[in-house]
Amino acid sequence: MARYFITGGKPLRGEIRVSGSKNATLPILAACLLHGAPNVISGVPALKDVDTMCAVLSYLGARIYRHGDVVRVDSTGVQNLEVGEELMRRMRASNLVLGPLVGRFRCARISYPGGCNIGSRPMNLHLKGLRAMGARIEERFGYITVEAPRLVGAEIHLDVPSVGATENIMMAAVLARGVTVIRNAAKEPEVVDLQNFLNRMGARIKGAGTDVIRIEGVEHLSSVEHTVIPDRIEAGTHLVAAAITGGDVRVTNVIPEHLEPVLAKLREMGLEVEVGDDWVRVAARSRPRAVDIKTLPYPGFPTDMQPQMMALAALAEGTSIITETIFENRFKQAGELRRMGANIKVEGQTAIVKGVEKLTGASVVATDLRAGAALVLAALAAENGTVVDGVEHIDRGYERLEQKYAQLGARILRVPA
Ligand code: UD1
């Protein structure tokens, strides 16, 4: 357990390098279960969620070697096909082992991930996909058991473009007999990275990045080396850090097109945005203007950036309307921001944010990963000191955030709680 002491009011300036994408790394690590040979993944961020996925793979019998940002996963010895409650509760994305386990071993059992802080997050679409491919599924005593003596290609239409369901179905389909087509698939860049990784292994997948993905089953896969894409949400968070502190920050190791929905909103708020090949710079010359935001599946505005933008809107000139359409409980940061002087009213899935001229330091609690990031951003901009508790949530998705921001001039200290 740790907390941050942050003394705000200092504009952040300088350059910051983004780590590899958490949400690309997790399914790619899970996909290593698909065959019994080693794969080497580079650009892997040092995050708690990555530790958890490595713990899950080890528990199943894989051998993991980590050195810096390189991870070697050897799934030759995998024999255990069950993930229990403790590991599933630590991280929802542990459910990404289901598709590859069923694909390779034809059966798997995981504890039901249940709800989480930001919403109920069911798995019905993951299971609908596996069922369409011939799997028998039993949900009893808090566990999901999937058995598929024969996994065959199928046409699967997702009711909503779920990222996790798209990835799990893709991974299960790689070794299935025949062709699987996923319609209304998630188009997130992390799905494209997973496709690229799987194809390098020998899979035959087309269409990731569009809403129709076609997977032709293959018999064999082989070892590969792969570098994960940069984390677009980490990058977006740093751009907001520049904007909210009235600073000027160049964020490197980014794929600017992945950030387009965020950059469009920052421009609309009056921030100066400069884009290079693999970097983006944001400078704040004046107080940002209010903006309306609606979260949507990619390429819409990402729900994972909504709390951070709420912190920025809290200090903008005018009233912003923020609508959350992906998760039902993702305004937890609003109450904490109010403790810092923000004027935010939440009505159902909409937040009305009336910008104030200044925020003041307070004692606040991070309830989940991105809400925690939003509080850090608000604290960097606030007058005087803020204590942010619950830093373990922030560690799930940001690598050494305090060190990165200290390098940009922030006064931020991590202390044990
Ligand atoms: C992934 C990301 C997470 C991000 C989210 C939405 C990872 C590891 N996590 O989560 O950071 O916030 O995408 O961009 O990549 N749904 C169903 N049934 C299902 C599955 C999902 O109804 O079977 C609904 C969810 O409740 C939610 C929506 O679909 O309303 C999107 O969820 P989904 O895309 O599945 O999110 P995750 O893959 O869990």
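Each ligand, and each atom within it, is numbered from 1 in the order the structure gives. Atoms considered below: every heavy atom in the structure, side chains included; atoms not considered: hydrogens, waters and symmetry mates.
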Heavy-atom contacts with ligand 1 below 4.0 Å: which residues, ordered by chain and residue number?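 Within 4.0 Å of ligand 1, protein side: N23, R92, A93, R121, P122, M123, N124, L125, H126, V160, S162, V163, G164, T303, D304, I326, F327, R330.
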
If you compare all heavy atoms of [X] against all heavy atoms of [Y], which two are closest, and at what distance to 0.1 Å?
X	Y	result
G129	I156	O-CD1, 3.6 Å
A290	A316	N-CB, 3.8 Å
A362	R339	CB-O, 3.6 Å

Return the CZ to CD distance between R400 and E402, rounded to the nearest 0.5 Å.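 Here the interatomic distance stands at 9.0 Å.
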
Is it the case that atom CG in D277 sees more than 12 heavy atoms from other parts of the structure closer than 6.0 Å?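 Counting other residues, nucleotides and ligands, CG of D277 stays at 12 neighbours or fewer.
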
Mutual orientation of the aromatic rings belonging to H238 and Y398 [parallel < 30°, tilted 30-60°, perpendicular > 60°]: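 Taking Y398 first and then H238, their aromatic rings sit tilted (interplane angle of 30° to 60°).
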
